[in-house]
Novice: 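Take a look at the following structure, please.
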There are 2 protein chains.
Amino acid sequence: MNTYLQAGLDALGDATRMAIFQRLAAGPLAVNQLARAMPVSRPAVSQHLKVLKDAGLVRDSRQGTRRLYRLDPEGVARLRAHFDQMWTRAMGAFQQAAEKPEEENRHGKRRGRGSRQEERSRKRVH
Amino acid sequence: MNTYLQAGLDALGDATRMAIFQRLAAGPLAVNQLARAMPVSRPAVSQHLKVLKDAGLVRDSRQGTRRLYRLDPEGVARLRAHFDQMWTRAMGAFQQAAEKPEEENRHGKRRGRGSRQEERSRKRVH
DNA sequence: CACTTACGTAAGTAAGAACTAACCGACTGG
DNA sequence: CCAGTCGGTTAGTTCTTACTTACGTAAGTG
């Protein structure tokens with residue numbers, strides 16, 4: 001699965017981070033400014049910013065002792081592109097499948113209870 | 001903040017649910033079929049399906065004893081619309097802010113340490 | 001060179017998300 | 001009916017995560 005997409009969705013899936021993201025859309029802000037406008041502590045904001053940064057959605061720049069965060073247009077655009085592509089693919093396949101019901105619903109052979117397949121890479125990375 | 005958007009992002013933010021979503025894009029599937037193709041148990045799939053359903057991304061229909069799940073084009077379209085709108089707004093505001101640096105970076109008055117504002121509604125609802 | 005401001009990060013905690021096992025109702029076919 | 005299939009739900013466990021407090025550090029200031 002596309003990692004950028006998953007990371008981006010995960011990042012924006014949290015309400016607090018989404019709020020931060022929105023705030024930053026209005027213009028660059030320092031961590032303190034963000035924290036003061038939100039119901040969580042400054043360190044919490046820092047941590048969220050790190051996630052957003054790792055997802056490529058924001059960038060930071062030192063400004064004297066403070067650190068200004070702003071959206072990263074490139075990252076945002078990229079995520080948006082991946083997202084659009086995902087939608088398009090999914091809905092395309094869906095409509096195609098809808099038009100020709102075909103030979104769906106075969107029972108498919110059983111498999112031993114304990115044998116799961118393709119150990120999907122958990123998003124769990126912390 | 002828009003609830004549909006947040007719920008949708010949260011739903012697709014999980015890798016397992018995203019995988020389920022993708023599978024369903026290829027055509028309707030029963031819970032068992034999904035579970036067999038994935039590294040998690042059937043109940044887990046059921047629970048994820050519930051989340052996706054609550055987010056309006058999938059629909060289910062009884063088919064004898066089984067229950068077929070498929071994407072919900074309406075819900076998907078709606079989420080996509082909200083998403084696009086969000087992007088557009090955010091990037092619009094961002095560019096506008098970028099063009100006129102204005103009188104940013106005023107220190108802003110302090111506020112008593114303990115007073116946080118607008119107890120943002122946590123997504124925690126279980 | 002203290003002193004202050006602004007952050008990041010570590011450590012610890014508590015809420016809750018994801019998962020499994022077990023149970024139970026609904027439907028199907030002999 | 002009765003046995004078997006299918007899937008939702010509950011209870012309980014484990015693993016994450018979002019958060020806070022405490023501490024360490026870099027950069028301006030008097």
Side-chain angles (χ1 to χ4, degrees), chain A residues 6-7 10-20 28-36 38-55 58-69 105-111 113-114 116 119-126, chain B residues 6-7 9-20 28-36 38-55 58 60-69 105-111 113-114 116 119-126:
Chain A
Q6 204 62 56
D10 188 40
L12 293 182
D14 179 80
T16 304
R17 280 192 293 266
M18 176 60 95
I20 292 179
L29 287 174
V31 181
N32 245 333
Q33 298 177 305
L34 279 169
R36 229 177 294 123
M38 292 215 255
V40 296
S41 69
R42 183 188 57 71
V45 172
S46 264
Q47 289 161 5
H48 283 306
L49 283 170
K50 180 178 173 59
V51 174
L52 288 169
K53 187 177 168 188
D54 287 344
V58 305
R59 284 185 318 162
D60 61 329
S61 59
R62 313 204 42 151
Q63 197 80 10
T65 115
R66 21 175 67 189
R67 190 174 289 261
L68 290 184
Y69 280 86
N105 292 2
R106 227 56 243 122
H107 248 71
K109 48 264 156 232
R110 298 268 163 293
R111 281 205 345 228
R113 183 78 176 69
R116 295 269 155 61
E119 53 174 301
R120 179 189 48 126
S121 64
R122 283 278 188 291
K123 78 170 175 181
R124 310 280 166 70
V125 262
H126 214 187
Chain B
Q6 204 62 55
L9 289 178
D10 188 40
L12 293 182
D14 180 79
T16 304
R17 278 191 295 264
M18 175 60 95
I20 292 179
L29 287 173
V31 180
N32 246 334
Q33 298 178 304
L34 279 168
R36 229 177 294 123
M38 291 214 255
V40 297
S41 68
R42 184 187 56 71
V45 172
S46 264
Q47 289 161 2
H48 283 307
L49 283 170
K50 181 177 171 60
V51 174
L52 287 170
K53 188 177 166 187
D54 288 344
V58 305
D60 60 331
S61 59
R62 315 202 38 151
Q63 197 81 9
T65 120
R66 21 175 65 188
R67 189 174 290 258
L68 289 184
Y69 281 85
N105 293 3
R106 227 55 244 121
H107 248 72
K109 47 270 159 224
R110 298 266 166 293
R111 279 207 345 230
R113 185 76 176 68
R116 295 269 154 61
E119 54 172 301
R120 178 189 47 126
S121 65
R122 282 279 185 292
K123 77 171 175 182
R124 309 279 167 74
V125 262
H126 214 191

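Below, chain A is the first sequence line, B the second, and so on; all start at residue 1.
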Novice: Select from Val45(B) and Gly64(A) the residue whose nearest nucleotide in DNA chain D is closer to the 5' end of that strand.
Specialist: Val45(B)
Novice: Could you check which of dC7(C), dT20(D), dA22(C) has an atom nearest any side-chain atom of Ala30(A)?
Specialist: dC7(C)
Novice: Does Asn32(B) put a side-chain nitrogen or oxygen below 4.0 Å from OP1 or OP2 of dG7(D)?
Specialist: yes
Novice: Using the side-chain contact (heavy atoms from CB on, under 4.5 Å) rule, take Val51(A) and Gln47(A) through it: C-alpha gap first, then chi angles, then the decisive distance, then the call.
Specialist: CA-CA 7 Å; Val51(A) 174; Gln47(A) 289 161 5; 6.0 Å; no
Novice: Compare side-chain N and O positions of Arg67(A) against OP1 and OP2 of dA26(D) and report whether any pair is under 4.0 Å apart.
Specialist: no
Novice: I'd like to know if the side chain of Arg17(B) reaches the main chain of Ala11(B), judged simply by a donor and an acceptor atom lying under 3.5 Å from each other, with no hydrogens or angles considered.
Specialist: yes
Novice: Would one find a side-chain N or O of Tyr69(B) under 4.0 angstrom from OP1 or OP2 of dG8(D)?
Specialist: yes
Novice: Whether Thr65(B) contacts dA26(C) is assessed here as follows: a side-chain N or O lying under 4.0 Å from the phosphate OP1 or OP2. Is that the case?
Specialist: no
Novice: Starting from C1' on dA26(C), measure out to CD on Gln63(B) and report it in whole angstrom.
Specialist: 15 Å
Novice: In this structure, how many angstroms lie between the P atom of dT5(C) and the CZ atom of Arg42(A), rounded?
Specialist: 13 Å
Novice: What's the spacing between Leu68(B) CG and Leu29(B) CG if we round to 0.5 Å?
Specialist: 8.0 Å
Novice: If I take atom CD1 from residue Ile20(B) and atom CG from residue Leu52(B), how far apart are they, to the nearest 0.5 angstrom?
Specialist: 6.0 Å
Novice: Out of curiosity, Asp14(A) CG to Gln6(B) CD, how far, rounded to the nearest 0.5 Å?
Specialist: 7.5 Å
Novice: Examine the base of dT17(D) for any acceptor or donor lying under 3.5 Å from a partner atom in the side chain of Gln47(A), and report the outcome as yes or no.
Specialist: no
Novice: At under 4.0 Å, does any side-chain N or O of Ser46(A) touch on OP1 or OP2 of dG8(C)?
Specialist: yes
Novice: Calculate the interatomic distance between Gln33(B) atom CD and dC6(D) atom C1'; express it in whole Å.
Specialist: 11 Å
Novice: Measure from the side-chain heavy atoms of Pro43(A) and tell me the nearest of dG7(D), dT21(D), dA22(C).
Specialist: dT21(D)
Novice: Rounded to whole angstrom units, what separation is found between the CG atom of Asp14(B) and the P atom of dG16(C)?
Specialist: 17 Å
Novice: Nearest whole Å is fine: how far is dT9(C) C1' from Leu49(A) CG?
Specialist: 14 Å
Novice: Tell me: CG of Leu52(A) to C1' of dC7(C), nearest whole Å?
Specialist: 16 Å
Novice: What integer distance in Å separates Met18(B):CE from dA18(C):C1'?
Specialist: 17 Å
Novice: Of the options dG7(D), dT20(C), dT9(D), whose atoms approach the side-chain atoms of Arg66(B) most closely?
Specialist: dG7(D)
Novice: How close or far is atom C1' of dA18(C) from atom CG of Asp10(B), stated in whole angstroms?
Specialist: 12 Å
Novice: With nearest nucleotides of DNA chain D determined for Arg62(A) and His48(A) from heavy-atom distances, which residue corresponds to the more 5′ nucleotide?
Specialist: His48(A)
